[in-house]
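Everything on this sheet refers to the single structure shown next.
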Number of protein chains: 2
Amino acid sequence: MAFDAYLAECPSRKLLDRISDKWVVLVITALADGPQRFSEISRHLAGVSQKMLTQTLRTLERDGLVARHVTPSVPVRVDYELTPLGRSILGPIRQLKAWAEAHMPEVAEAQETYDRRQEAR
Amino acid sequence: MAFDAYLAECPSRKLLDRISDKWVVLVITALADGPQRFSEISRHLAGVSQKMLTQTLRTLERDGLVARHVTPSVPVRVDYELTPLGRSILGPIRQLKAWAEAHMPEVAEAQETYDRRQEAR
DNA sequence: CCGGATCCCTATTGATACTG
DNA sequence: CAGTATCAATAGGGATCCGG
């Protein structure tokens with residue numbers, strides 16, 4: 001393998017840093033349903049600030065995972081969609097989100113056990 | 001589905017926030033090789049600070065993904081290993097790291113194209 | 001109005017020094 | 001060795017302003 005994400009200076013490590021991000025995971029999974037407007041994504045992902053959504057989309061665009069289409073109407077309409085490269089990461093990312101939703105009960109139980117044990121000391 | 005990570009208040013969303021983290025991805029993949037001491041993990045992941053490694057391991061322990069074993073020798077020996085729950089997330093996480101290493105060339109090219117276009121503005 | 005840039009304040013991260 | 005404590009740097013979020 002030419003790239004090794006364990007090395008801090010390796011470009012693949014920096015790429016991993018960028019995609020291992022909560023907003024990236026949510027934006028990519030949201031766009032899996034098809035192209036969406038800025039405001040649609042914003043509504044889809046509860047709790048995202050405009051600033052973070054803009055920033056996340058810009059980074060994804062620069063990395064070639066997302067394409068940005070501007071329709072110069074009034075008011076402007078901006079659509080975002082996954083590129084083929086963006087769709088190629090959909091598998092792993094969807095699995096991550098699915099894992100979180102599927103294993104919540106076990107994690108919640110582990111937390112309770114951990115917290116009870118901490119109190120006891 | 002009982003949990004929905006798109007909702008900000010949903011526990012699974014908070015769990016997703018915690019696992020969508022660069023250090024989590026690297027620590028989990030590192031521990032895939034078997035139990036390791038604190039210093040071994042630290043050496044394995046170039047660029048991690050002691051503080052972030054401690055914090056990441058504590059969170060993973062609390063969530064039940066990692067088990068911590070203390071051997072009260074002098075000096076103390078502390079080993080970390082993946083729990084069965086931790087191993088269940090190994091698939092998605094490894095794929096994420098593998099994707100980053102595999103698609104670097106395409107991402108690098110996308111960045112160059114993007115940056116050249118920005119300059120031309 | 002929509003998409004997003006900017007300012008400002010808080011929260012998280014990181015570097016460094018120190019300890020049982 | 002495996003952490004803590006402390007402080008400086010940075011990233012995130014809220015509110016506000018703006019150009020089309």
Side-chain angles (χ1 to χ4, degrees), chain A residues 6-9 13-27 30-31 35-63 66-81 114 117-118 121, chain B residues 6-9 13-27 30-31 35-63 66-81 114 117-118 121:
Chain A
Y6 285 130
L7 307 174
E9 337 75 44
R13 162 68 164 273
K14 289 176 184 156
L15 175 56
L16 184 62
D17 291 353
R18 266 175 276 133
I19 60 178
S20 309
D21 175 83
K22 58 177 174 177
W23 298 126
V24 167
V25 172
L26 291 168
V27 166
L31 287 177
Q36 285 177 63
R37 303 185 59 167
F38 185 91
S39 50
E40 287 177 311
I41 306 172
S42 184
R43 252 173 280 119
H44 203 146
L45 316 190
V48 68
S49 66
Q50 291 177 322
K51 181 183 166 185
M52 285 318 294
L53 185 53
T54 303
Q55 191 175 302
T56 303
L57 287 166
R58 282 283 178 292
T59 308
L60 289 174
E61 188 193 358
R62 189 168 108 97
D63 285 343
V66 160
R68 182 170 179 266
H69 304 288
V70 182
T71 311
S73 53
V74 177
V76 230
R77 177 195 177 95
V78 183
D79 289 273
Y80 293 91
E81 71 173 324
Y114 181 93
R117 198 171 297 161
Q118 291 304 304
R121 37 169 79 231
Chain B
Y6 285 130
L7 307 174
E9 339 74 45
R13 162 67 164 273
K14 288 174 185 159
L15 175 57
L16 185 61
D17 291 353
R18 266 176 277 134
I19 60 179
S20 310
D21 173 83
K22 57 177 174 177
W23 298 127
V24 167
V25 171
L26 291 168
V27 166
L31 287 177
Q36 286 176 61
R37 305 184 60 165
F38 185 91
S39 51
E40 287 177 310
I41 306 172
S42 183
R43 252 173 280 119
H44 204 144
L45 315 191
V48 68
S49 66
Q50 290 178 320
K51 180 183 167 185
M52 285 317 293
L53 185 53
T54 302
Q55 192 174 303
T56 303
L57 286 166
R58 283 284 180 291
T59 307
L60 289 173
E61 188 194 359
R62 190 169 109 96
D63 285 344
V66 160
R68 181 169 179 266
H69 303 287
V70 181
T71 310
S73 54
V74 176
V76 242
R77 177 193 177 97
V78 182
D79 289 272
Y80 292 92
E81 72 172 323
Y114 182 92
R117 199 171 295 161
Q118 290 305 304
R121 248 191 335 110

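Below, read A as the first sequence line, B as the second, and so on, with proteins coming before strands; counting in each chain starts at 1. Treat the numbers as computed from the prediction; the structure is a model and nothing was measured.
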Can you find a side chain N or O atom of [X] that sits less than 4.0 Å from OP1 or OP2 on [N]?
| X | N | value |
| --- | --- | --- |
| B:Ser39 | D:dC1 | no |
| B:Arg68 | D:dA2 | no |
| B:Tyr80 | D:dC1 | no |
| A:Arg77 | C:dG4 | no |

Rounded to the Å, how far apart are [X] [atom1] and [N] [atom2]?
| X | N | atom1 | atom2 | result |
| --- | --- | --- | --- | --- |
| A:Glu40 | C:dC2 | CD | P | 12 Å |
| B:Arg18 | C:dT12 | CZ | C1' | 16 Å |
| A:Leu60 | C:dG4 | CG | P | 13 Å |
| A:Asp79 | C:dG4 | CG | P | 11 Å |
| A:His69 | C:dG3 | NE2 | P | 15 Å |
| B:Leu53 | D:dC1 | CG | P | 14 Å |

Between [X] and [Y], what is the shortest heavy-atom contact and its length?
| X | Y | value |
| --- | --- | --- |
| A:Glu40 | A:Arg37 | OE1-N, 2.7 Å |
| B:Gln36 | B:Ala30 | NE2-O, 2.7 Å |
| B:Val76 | B:Pro72 | CG1-CA, 4.1 Å |

* Would you work out how much the helix from C:dC1-D:dG20 to C:dG20-D:dC1 bends between its ends, with each end axis defined by five base pairs, to 10 degrees? => 30°
* **Closest to side chain of A:Arg37, choosing from D:dA2, C:dC2, C:dG4** => C:dC2
Which donor-acceptor pairs under 3.5 Å do the side chains of residues 13-26 of chain A make with protein atoms, sequence neighbours left out?
unit_1: A:Arg13; atom_1: NH1; unit_2: A:Ala5; atom_2: O; d: 3.3
unit_1: A:Arg13; atom_1: NH1; unit_2: A:Tyr6; atom_2: O; d: 3.1
unit_1: A:Arg13; atom_1: NH1; unit_2: B:Ala46; atom_2: O; d: 3.2
unit_1: A:Arg13; atom_1: NH2; unit_2: B:Ala46; atom_2: O; d: 2.8
unit_1: A:Arg18; atom_1: NH1; unit_2: A:Asp63; atom_2: OD1; d: 2.6
unit_1: A:Arg18; atom_1: NH1; unit_2: A:Asp63; atom_2: OD2; d: 2.6
unit_1: A:Ser20; atom_1: OG; unit_2: A:Leu16; atom_2: O; d: 2.7
unit_1: A:Asp21; atom_1: OD2; unit_2: A:Trp23; atom_2: N; d: 3.0
unit_1: A:Asp21; atom_1: OD2; unit_2: A:Val24; atom_2: N; d: 3.1

Residues 51-59 of chain B, side-chain donor-acceptor partners within the protein, below 3.5 Å, at least two apart:
unit_1: B:Thr54; atom_1: OG1; unit_2: B:Gln50; atom_2: O; d: 2.9
unit_1: B:Thr56; atom_1: OG1; unit_2: B:Met52; atom_2: O; d: 2.6
unit_1: B:Thr59; atom_1: OG1; unit_2: B:Gln55; atom_2: O; d: 2.9

* Asked: What string of B, S and - do you get for nucleotides 6-20 of chain D 5' to 3' if you count protein non-hydrogen atoms under 4.0 Å?
  -> ------BBB-B---B
* Asked: What pairs meet the salt bridge (Lys or Arg N to Asp or Glu O under 4.0 Å) rule with one or both residues in residues 67-81 of chain A, with sequence neighbours excluded?
  -> A:Arg77-A:Asp79
